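Scroll down for the structure; my scribbles are underneath it.
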Amino acid sequence: MLLRMSFCVLLPAITEGLFYVIEGKLEGNTEGKQEFLLTALESKFSVPSEIKEKIMSETDTEKLELWFQLSLKVSSLE
């Protein structure tokens, strides 16, 4: 949450080039969390394509983190 607030405050003051660097890091962070969650689930379960698609389309990093924490505790995907 702090990152989002800082990003919004800094956005007007940064150059376009720097904006793309920051945007890329945020996107990379999201993609990394998506892939990490999917890898964790696939190590325990046969993951249906619908769940894979849901994970890879999710952009809320807090939700991805919550899903990852839950993936450590669950014994099935149902």
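Just so it is clear, the structure is predicted and the values come from calculations on it, not from any experiment.
- Residues passing the side chain to side chain contact (heavy atoms under 4.5 Å, CB included) test with K63, sequence neighbours excluded: E58, D60, W67.
- Residues L72 and L37 fall within the same hydrophobic cluster, defined by Ile, Leu, Val, Met, Phe, Trp and Tyr side chains chained together at heavy-atom separations under 4.5 Å.
- Distance CD1/I55 to CD/E35: 11.5 Å, rounded to 0.5 Å.
- The minimum heavy-atom distance linking A40 with F68 is given by the pair CB-CE1, 3.6 Å.
- Across every non-hydrogen atom of P48 and L77, the tightest pair is CD-CD1, 3.9 Å.
- With values rounded to the nearest 0.5 angstrom, Q34 atom CD is found 10.0 Å from T61 atom OG1.
- Cluster annotation: V74 is connected to F36 through the hydrophobic network of ILVMFWY side chains, with a link wherever side-chain heavy atoms come within less than 4.5 Å.
- Nearest heavy-atom pair across L64 and T30 is CD1-O, 3.9 Å.
- Enclosure of atom NZ in K44 by more than 12 non-hydrogen atoms of other residues, nucleotides or ligands within 6.0 angstrom is indicated.
- When the side chains of ILVMFWY residues are joined at heavy-atom separations under 4.5 Å, either directly or via intervening members, L66 and V47 end up in two distinct hydrophobic clusters.
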